[in-house]
Number of protein chains: 2
Amino acid sequence: MNQLRDHIERIVPLDDTEFETISSFFSYKKYKKHQFLIQEGALVPCNFFVLKGLLKLVYSDDTGKEHIVGFAQEDWWETDFAAFYTESRATMSLECVEDTEVLCLRLTDYRKLCAAMPQLEHFFLEKAYQGFIAAQQRIISTMTVGIKERYEQLLKKYPTLVQRVPKSLLAAYLGVSREALSRLPR
Amino acid sequence: MNQLRDHIERIVPLDDTEFETISSFFSYKKYKKHQFLIQEGALVPCNFFVLKGLLKLVYSDDTGKEHIVGFAQEDWWETDFAAFYTESRATMSLECVEDTEVLCLRLTDYRKLCAAMPQLEHFFLEKAYQGFIAAQQRIISTMTVGIKERYEQLLKKYPTLVQRVPKSLLAAYLGVSREALSRLPR
DNA sequence: ATTTTTGCGTGACAGAAGTCACATCACCGC
DNA sequence: GCGGTGATGTGACTTCTGTCACGCAAAAAT
């Protein structure tokens, strides 16, 4: 649980009672490989903070092909945010790539916490900015460089992730076919 | 100036003195078509709120080709956010597509405002969430559907924008060549 | 241990998009 | 008005990528 505290304190300082309050709103859960934290079409119960393990956020198109919107490893937050925040049905699914332990935060509890502690709202603001910037850079990357460079940027940015994930999933994240990624000159 | 007030009050309520404080931190500026609000490589002076006109946020790759990261029309915020927020040099440029009037908010003033008024920080949090969700959906759109559908989604989502912008810029926004967009079956 | 599944590379082929070149038309400034 | 610039459509050609099919080795399941 200290993992969460360290994570938050990288952005805003907390005293013991404050963190006590925060942690009381989270619930711990454990999932096994291939289990779903979010099912497409269902309501989104939580925003998830990954303690250990690896998740993939997947969008399935009409032909059934899977596209990976994002991965989440240790100390990352992940959920179908649009659906979570508007309490509507998920358009994506969130699934374990490995056995995974998470802390779950429900929307009502998120609201209570932010109302009670403006510093925490500031924390989430920082996270939102980070997410926005990362997404924008990913868009730029897709538009400007070829597959090879995109794969290299990924290697540079998340070297540990690339080790843990099969290439087929990386391809689905980069937006190309498994074969195209496989054919890259080394 | 009431335009800004209405815009903020769509998310958080304000009384007259509060808005007085807020507006005192913004400065009004007017630019002509083809003028730059942000130059690539320079520091980013402000986050811009568009009162009237149209801007394009552009990333130029090593070959000199221009890729449009985003447009901003009336009531939109735009800047090279990564550079703005970290006070580093811009990797993108922000340029007028039409004559444009904006309100400018400097980073130090942004910080003062947020510190003084938590509600305003909540406003920016909402905006950040909106931006993140929009960026994520754009990523999904690029991965899942072909040019034709992407163009149609754009038409549906921002019909007024498509009227104002030449097709060559729309192509640079969609991430395809001008010719490919021109060759779409109607 | 032996099946089954999963990951990964490769070859062949078709289709989509990029690039280059050219033509037209409308609009703008002088 | 007139020349220049920008916006747009089109054709020819090339390159890249997706798709389908196959083979093989390692890992997982029984």
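Order of the sequence lines sets the chain letters (A, B, ...), proteins ahead of strands, with each chain counted from 1. Keep in mind the model is a prediction, meaning the values are calculated, not measured.
Between the CG atom of Leu170(A) and the P atom of dG9(C) there is a distance of 11 Å, rounded to whole Å. Atom CD1 in Ile147(B) sits about 17 Å away from atom P in dC16(D), given to the nearest Å. Rounded to a whole Å, the CG atom of Leu184(B) is 11 Å from the P atom of dG18(C). We find that CD of Glu149(B) is positioned 12 Å from P of dA16(C), with the value rounded to whole Å. One atom, CE of Met143(B), and another, C1' of dG18(D), lie 16 Å apart when rounded to the nearest Å. Between Leu181(A) atom CG and dC8(C) atom P the separation is 9 Å, expressed in whole Å. The NE2-C1' distance, from His67(B) to dG18(C), rounds to 12 Å in whole Å. Whole-Å rounding puts the Asp99(A) CG to dA28(D) P distance at 12 Å.
The aromatic ring centres of Phe124(A) and Trp77(A) sit less than 6.0 Å apart.
One distance of note links CZ of Phe49(B) with CG of Leu105(B); it measures 11.5 Å at 0.5 Å rounding.
Checking dG18(D), dT10(C), dG11(D) against every side-chain atom of Val176(A), the shortest atom distance belongs to dG18(D). Each of dT10(C), dG9(D), dA12(C) was ranked by its minimum atom distance to the side chain of Ser182(A); first place goes to dT10(C). Which of dG7(C), dA7(D), dA17(C) sits closest to the side chain of Pro166(A) comes down to dG7(C).
Between Gly146(A) and Glu179(A), the one whose closest nucleotide on DNA chain D sits nearer the 5' end is Gly146(A).
By the 6.0 Å and 45° rule, Arg138(A) stacks over the aromatic ring of Tyr173(A).
At the heavy-atom level, Lys65(A) lies under 4.0 Å from the strands shown only through sugar-phosphate atoms. Using a 4.0 Å heavy-atom criterion, one finds that Ser177(B) contacts the bases of the nucleic acid, with or without backbone contacts as well.
Taking the six-membered ring where the residue is Trp, Phe81(A) and Tyr85(A) present parallel rings, their angle staying beneath 30° rather than reaching 60°.
When each of Leu181(B), Thr142(B), Leu169(B), Ile68(B) is tested with Leu174(B) by the rule side chain to side chain contact (heavy atoms under 4.5 Å, CB included), just one qualifies, namely Leu181(B).
You won't find any donor-acceptor pair under 3.5 Å spanning the side chain of Arg178(B) and the base of dG18(C), going by distance alone. Side-chain N/O atoms of Arg183(A) and base N/O atoms of dT19(D) include a donor-acceptor pair closer than 3.5 Å.
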